[in-house]
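Within every chain, numbering begins at 1; the chains are lettered A, B, ... in the order of the sequence lines, protein sequences first and strands thereafter. Note that these values count all heavy atoms, side chains included, but never hydrogens, waters or copies made by symmetry. Owing to the predicted nature of the structure, the values given are computational and were not obtained by experimental measurement.
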4 protein chains.
Amino acid sequence: MARGNTRQRIQDVALELFAEQGYEKTSLREIAEVLDVTKAALYYHFKTKEDILISLFQDLTRPMDELIEWGRTQPHTLETKQEILRRYSETLVAASPLFRFMQENQAAMRDLSIGETFKDRMMRMLELIKEPEAALADQVRCISALFTMHAGMFVLRDMEADPEDKRQAVLEVAIDLVSQAHHVTH
Amino acid sequence: MARGNTRQRIQDVALELFAEQGYEKTSLREIAEVLDVTKAALYYHFKTKEDILISLFQDLTRPMDELIEWGRTQPHTLETKQEILRRYSETLVAASPLFRFMQENQAAMRDLSIGETFKDRMMRMLELIKEPEAALADQVRCISALFTMHAGMFVLRDMEADPEDKRQAVLEVAIDLVSQAHHVTH
Amino acid sequence: MARGNTRQRIQDVALELFAEQGYEKTSLREIAEVLDVTKAALYYHFKTKEDILISLFQDLTRPMDELIEWGRTQPHTLETKQEILRRYSETLVAASPLFRFMQENQAAMRDLSIGETFKDRMMRMLELIKEPEAALADQVRCISALFTMHAGMFVLRDMEADPEDKRQAVLEVAIDLVSQAHHVTH
Amino acid sequence: MARGNTRQRIQDVALELFAEQGYEKTSLREIAEVLDVTKAALYYHFKTKEDILISLFQDLTRPMDELIEWGRTQPHTLETKQEILRRYSETLVAASPLFRFMQENQAAMRDLSIGETFKDRMMRMLELIKEPEAALADQVRCISALFTMHAGMFVLRDMEADPEDKRQAVLEVAIDLVSQAHHVTH
DNA sequence: CATGAATGAGTGTTCATTCAT
DNA sequence: GATGAATGAACACTCATTCAT
């Protein structure tokens with residue numbers, strides 16, 4: 001029953017609770033109770049509460065980093081941008097609880113050292129997607145595209161529709177926005 | 001010394017701190033300290049911590065309610081939708097700290113009774129802006145328009161540009177999105 | 001509406017709430033709310049919370065004091081004792097909320113300066129009722145008689161019976177106890 | 001230093017303080033100070049303040065429950081009733097601080113969920129002791145017998161006499177009362 | 001690997017009381 | 001006679017964290 005997977009189970013439960021209730025409102029006691037271990041056990045696997053969050057980040061943002069790295073090697077064409085969005089969309093599906101969490105806990109994360117980390121990443125994504133000297137409105141379009149993809153999923157959760165259809169719709173809008181921004185500039 | 005403005009001052013400080021640090025991480029002690037009164041004084045003016053938040057909401061969402069009411073009396077034309085966005089943009093400027101707060105504290109607010117209240121309002125805004133039987137992508141466009149307006153301001157804070165210019169750019173993108181969604185349907 | 005009877009109304013409400021919830025658990029805020037005045041208003045009429053309680057005592061124990069005074073002037077016969085109990089029974093009916101309060105809040109009153117006052121009175125009642133050199137069991141009988149009268153009313157509250165019948169039954173038992181104690185001694 | 005007896009020590013100190021000062025007026029800080037631990041330590045052993053009280057109850061009312069159970073299996077004779085009172089008297093000696101506490105904190109306990117529990121138990125004791133269709137006065141006698149036993153000890157505390165003698169005197173009066181109630185009915 | 005026991009700092013909240021008006 | 005505004009001290013309770021075993 002108690003295999004060496006405890007660390008993983010802590011991460012799973014923590015992510016679920018963090019996403020559902022927020023980071024601040026989720027106590028280690030609660031996590032421990034769900035896992036049916038003591039709080040002290042958590043401290044065997046993680047140095048602090050924040051450490052659990054950091055570990056979630058590291059596991060889940062790797063795909064995002066890889067995508068950014070890939071994007072950097074590509075030419076700045078519209079096709080590349082579209083492909084980046086497509087890949088990003090798939091990344092988001094896989095890591096959706098984390099992104100939901102980040103979307104909804106921005107304030108809580110501000111001083112968590114990770115905040116900057118994530119903002120940085122967003123900025124680098126933005127660099128890949130927008131033209132260097134884009135007009136203000138086009139910059140907004142690119143930001144909006146990213147935001148739309150982040151928020152899209154859970155805002156649409158109430159809506160009755162096939163999840164994959166929703167994802168495609170969100171992706172379509174994002175690609176549209178970036179395309180307009182690209183087109184206008186050239 | 002003790003003028004009748006204490007209640008107002010509490011609201012001001014609370015909003016500032018809530019927006020900056022998040023609701024959970026802002027303690028009443030902190031608010032009281034900034035105001036140089038005791039915690040108990042806060043309780044003379046507000047029944048609970050949540051009550052302070054609620055009062056902020058009520059003061060700041062009134063313009064939004066009035067806008068929704070006005071929208072309901074208008075014909076569902078593109079011009080109306082654009083005018084709604086224009087007015088909404090102005091509303092948001094006035095209440096921007098509150099909207100920043102809401103944007104960044106969604107998790108914290110989930111069970112705060114107000115969450116639903118606000119979600120409702122967003123849904124009603126959405127009804128004014130989207131066509132009843134719009135395609136999925138067009139619905140996303142309308143949602144994205146609202147989100148863009150909410151988030152736009154503080155996401156752009158780092159960017160060096162005239163605030164009014166930024167607002168106009170955000171508004172332009174939002175109007176674009178809604179126009180596309182409108183156009184497609186007809 | 002607001003006549004000079006506020007002091008009286010405070011006493012009435014306070015007694016009711018003290019009896020119902022206990023002294024400690026009844027706050028001045030609560031009393032003030034029931035009366036629809038501010039807490040500060042209570043302080044116009046009474047120096048402290050304890051003062052309210054003291055005033056209730058003074059108003060309601062006067063009959064008891066008079067009874068004790070009368071008893072002192074009478075011969076120590078069984079008839080006198082029985083008459084004392086009869087009169088005491090009537091006194092108790094009139095002041096029943098206060099006695100219920102005292103019965104149920106002994107701990108709370110211990111250090112309230114009044115505790116002693118009341119214990120004293122009980123002792124003086126006891127002197128009137130028991131023989132000076134009574135056997136231990138007879139002393140217990142007399143104490144039991146007083147206790148029975150105090151507690152009788154509210155313990156019997158659930159029981160379906162005419163209140164006056166209950167009072168008579170309680171009185172009968174008390175008289176019996178004291179009579180036995182009297183008889184045994186002589 | 002930290003042996004496994006902390007829980008027990010908390011109960012001991014709590015009972016002593018509750019009995020002495022009342023439940024409401026005894027703070028967890030005070031209990032913790034006497035034990036020379038932090039308040040938080042109390043919360044490791046008990047979920048709430050009320051929980052401490054409940055645990056005291058459960059430990060101390062078990063003998064009473066056993067007595068009631070035993071009484072149920074016996075014939076409803078006068079001898080049985082007398083034996084019940086005798087056993088009850090011994091039970092009370094062992095748990096006297098708790099009973100003193102209950103006697104003096106009735107108001108405080110009213111809404112403590114345990115109030116009813118205890119009232120129930122008293123009622124079941126009463127059933128064992130009184131005749132089913134007893135006259136009102138005889139019912140009062142039985143109630144009075146129980147009350148006398150409860151209150152007897154601490155009311156007599158001031159009186160200079162051997163504790164065991166006092167207990168016997170109280171028991172004698174209680175048996176007398178129940179006997180009279182029994183006799184009258186048959 | 002994990003627990004039992006505990007801590008120190010903090011939380012939101014309530015209270016009796018005061019006092020200028 | 002009474003209020004509005006505030007205080008200081010306390011309260012029950014929770015939290016992340018530690019450490020010997």
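Every residue meeting the salt bridge (Lys or Arg N to Asp or Glu O under 4.0 Å) condition with B/Asp65, not counting sequence neighbours, appears here in chain and number order: B/Arg121. Residues satisfying the side-chain contact (heavy atoms from CB on, under 4.5 Å) criterion with A/Arg29, sequence neighbours excluded, are A/Ser27, A/Glu33, A/Lys39. Residues satisfying the side-chain contact (heavy atoms from CB on, under 4.5 Å) test with B/Leu60, not counting sequence neighbours, are B/Leu15, B/Ala95, B/Leu98. Partners of C/Ser55 under the side-chain hydrogen bond (donor to acceptor under 3.5 Å, both in side chains) rule, at least two apart in sequence or in another chain, are C/Gln11. For A/Glu50, the side-chain contact (heavy atoms from CB on, under 4.5 Å) criterion is met by A/Tyr23, A/Thr48, A/Ile54, A/Leu112, A/Ser113, not counting sequence neighbours. Among residues two or more places apart in sequence or in another chain, the side-chain hydrogen bond (donor to acceptor under 3.5 Å, both in side chains) test is passed with D/Lys49 by none. Judged as a side-chain hydrogen bond (donor to acceptor under 3.5 Å, both in side chains), and not counting sequence neighbours, C/Gln106 has no contacts. In this structure, the side-chain hydrogen bond (donor to acceptor under 3.5 Å, both in side chains) partners of C/Glu30, at least two apart in sequence or on a different chain, are C/Gln21.
Axis deviation across the helix from E/dA2-F/dT21 to E/dT21-F/dA2 amounts to 20°, comparing end segments of five pairs, rounded to 10 degrees.
Rounded to an integer number of Å, the gap from CD1 of A/Ile10 to C1' of E/dC1 is 11 Å. Summarising the geometry, the separation between CG on D/Leu17 and P on F/dC11 is reported as 12 Å, rounded to the nearest angstrom. We find that CD of C/Glu24 is positioned 16 Å from C1' of F/dA12, with the value rounded to whole Å. Between B/Lys25 atom NZ and E/dG12 atom C1' there is a gap of 18 Å when expressed in whole angstrom units. To the nearest angstrom, P of F/dC15 lies 11 Å from CD of A/Gln21.
Put simply, the side chain of C/Met109 reaches to within 4.5 Å of the side chain of C/Phe101, judged on heavy atoms. With contacts defined as side-chain heavy-atom distances shorter than 4.5 Å, the pair B/Phe57/B/Ile52 does not qualify.
Comparing A/Tyr23 and C/Arg7 along DNA chain F, the residue whose closest nucleotide (by nearest heavy atom) sits nearer the 5' end is C/Arg7. If A/Lys47 and D/Thr26 are placed on DNA chain F by their nearest nucleotide, the residue sitting closer to the 5' end is D/Thr26.
Residues from residues 30-45 of chain C placing a heavy atom under 4.0 Å of any atom in DNA chain F, listed by number, are C/Val37, C/Thr38, C/Lys39, C/Ala40, C/Ala41, C/Tyr44, C/His45. For DNA chain E, the residues of residues 49-60 of chain B within the heavy-atom distance limit of 4.0 Å (strictly under) are B/Lys49, sorted by number.
Candidate nucleotides E/dT11, F/dA2, F/dA12 were compared by shortest atom distance to the side chain of C/Thr6, and F/dA2 ranks first.
Applying the 4.0 Å criterion to OP1 and OP2 of E/dG12, one finds that B/Arg29 has every side-chain N and O outside that range.
Sorted by first then second residue, the ring pair (Phe, Tyr, Trp, His ring centres under 6.0 Å) pairs that include residues 26-55 of chain D, not counting sequence neighbours, number zero.
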